[in-house]
Visitor: 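Below you'll find the structure I mean.
Just follow the structure's listing: the first ligand is 1, and inside any ligand the first atom is 1. Quantities reported herein were computed from a predicted structural model and do not represent experimental measurements.
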Amino acid sequence: MKTKGKGFNTKLIHAGRYEDMFGSATVPIYQSSTFAFRNAKHGADLFSGKEKGYIYTRIGNPTINALEDNIAELENGYGGIATSSGMGATNTVYMCFLEDGAHMISTASVYGPSRGVMENYWSRYGVESSYTDTSDLRTIRDSIRPNTRLLYLETPSNPTIQLSDIKECAELAHKHGIILVVDNTFSSPYLQNPLNLGADVVLHSVTKFINGHADIVGGIIVPKTKEHYDKLRHTMISLGCNMDPHQAYMVLRGVKTLALRIEKAEKTAIEIAGWLEKHPKVEWVKYPGLKSHPQYDLARKQMRGFGTMISFEMKGGIAAGETLMNNVRVALLAVSLGGVETLIQHPASMTHSGLPKKKRLQAGITDGLVRYSTGIENAEDLINDLKQALDKV
Ligand code: LCS
């Protein structure tokens with residue numbers, strides 16, 4: 001259905017949906033690896049691009065395409081490229097835009113493996129990288145080299161909840177002929193649209209808010225232009241990190257309630273963040289909706305809300321954090337985020353444990369930092385849960 005000009009919730013439900021021969025209300029799962037040609041000419045025309053249609057699921061598939069069209073519409077991009085995971089999306093972007101001798105600048109506290117794969121693998125193919133505090137434009141400017149091709153931001157970042165000014169970064173990047181990529185996983189298209197702020201490419205781990213039900217892993221890339229779309233799709237097809245039709249079906253089902261889920265969880269997150277900030281056993285809280293957040297004004301300017309992710313440091317460091325995590329009963333002690341269920345985890349020993357300690361601390365990921373992904377349970381139950389666990393610290 002055409003949803004241009006329609007509201008966000010209408011797009012969530014209808015963007016990418018197409019009429020099939022039975023009038024299905026939801027896009028069916030086309031669980032087929034290959035598609036028969038009518039005749040030899042039809043096959044040749046599909047391969048040459050003279051005719052549009054489906055050939056082979058790694059290249060394209062009706063269920064996957066419906067999801068790609070849906071998210072592309074939500075992000076106001078040219079088209080979507082769905083991938084097997086968020087890391088599949090990240091590696092497709094790296095492989096597409098970086099060659100031997102090229103350089104990338106990225107947020108220091110970017111998701112651990114997005115940095116790890118660059119420093120441990122892409123570096124073996126001659127790709128250079130710098131990790132800086134991208135919330136400070138001067139440090140980005142100082143890191144630019146003649147061979148810088150990519151500025152890869154994560155905002156808000158995982159797990160430091162630090163924001164980078166997408167508009168300013170886009171202006172700086174474009175002045176130097178650098179492509180700006182934004183990992184929008186922590187916001188989702190409901191709260192932030194990087195392409196509208198000047199970014200060239202946006203990507204997501206759809207494992208998180210977009211799917212929202214902790215039952216699949218997936219990723220998506222949405223570029224602004226056809227030129228980038230064609231290059232990225234070709235790269236993804238060559239890399240072979242396509243999404244599966246069943247995965248796409250699950251995400252299409254999950255995305256419909258994106259706005260409802262975030263609205264509900266965000267209200268609770270605001271309450272919890274304020275409550276934690278006053279708690280005597282908590283050293284500090286990072287949440288963009290708190291006036292104490294260093295980029296509270298940027299959050300109000302750049303995002304349409306503050307999200308559901310909270311980071312906080314316990315007084316008593318990791319020992320205190322461990323006691324807290326071992327005693328929560330409603331929140332699950334698990335990695336991942338952005339689902340209907342509340343999750344709590346310890347980045348230094350879990351999601352970011354692959355980073356050497358020095359780099360981890362430079363990125364602001366302290367030993368006692370606890371990350372909390374607020375779900376849609378009753379706020380009262382979540383606060384009581386934290387209260388009884390904090391009492392044991
Ligand atoms: N980008 C961000 C911001 C992420 O948080 C993650 C995963 C990825 C990309 C990679 O996506 P995946 O391949 O897992 O779909 N973040 C995780 C986390 O914080 N805990 O577990 C996974």
Visitor: Report the residues that fulfil salt bridge (charged side-chain N to carboxylate O under 4.0 Å, His left out) with Asp297, sequence neighbours left out, ordered by chain and then residue number.
Guide: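 Scan of Asp297 (salt bridge (charged side-chain N to carboxylate O under 4.0 Å, His left out), adjacent residues dropped) gives none.
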Visitor: On the ring face of Phe209, is Arg261 found with NZ or CZ under 6.0 Å from the centre and within 45° of the axis?
Guide: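 No, Arg261 and Phe209 do not form such a contact.
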Visitor: Write out the protein residues near ligand 1, meaning a non-hydrogen atom under 4.0 Å from one of its atoms, in order of chain and number.
Guide: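 Those residues closer than 4.0 Å to ligand 1 by some heavy atom are Ser85, Gly86, Met87, Tyr111, Glu154, Asn158, Asp183, Thr185, Ser205, Thr207, Lys208, Val217, Gly218, Val335, Ser336, Leu337, Thr351, Arg371.
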Visitor: Indicate yes or no: does Asp391 engage Lys281 in a salt bridge with an N to O separation below 4.0 Å.
Guide: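 The answer is no: the pair does not qualify as a salt bridge.
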Visitor: Kindly give the heavy-atom pair with the smallest separation between Asp165 and Glu168, and that separation in Å.
Guide: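 So the minimum-distance heavy-atom pair works out to OD1-N, 3.1 Å.
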Visitor: Only pairs under 3.5 Å count here: list side-chain donor-acceptor contacts from residues 7-18, not counting sequence neighbours, and write none if there are none.
Guide:
| unit_1 | atom_1 | unit_2 | atom_2 | d |
| --- | --- | --- | --- | --- |
| His14 | ND1 | Arg17 | NE | 3.4 |
| Tyr18 | OH | Pro62 | O | 3.3 |

Visitor: In chain order, what residues pass the salt bridge (charged side-chain N to carboxylate O under 4.0 Å, His left out) check against Arg371, with sequence neighbours excluded?
Guide: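 Testing Arg371 for salt bridge (charged side-chain N to carboxylate O under 4.0 Å, His left out), a comparison that skips the adjacent residues, returns none.
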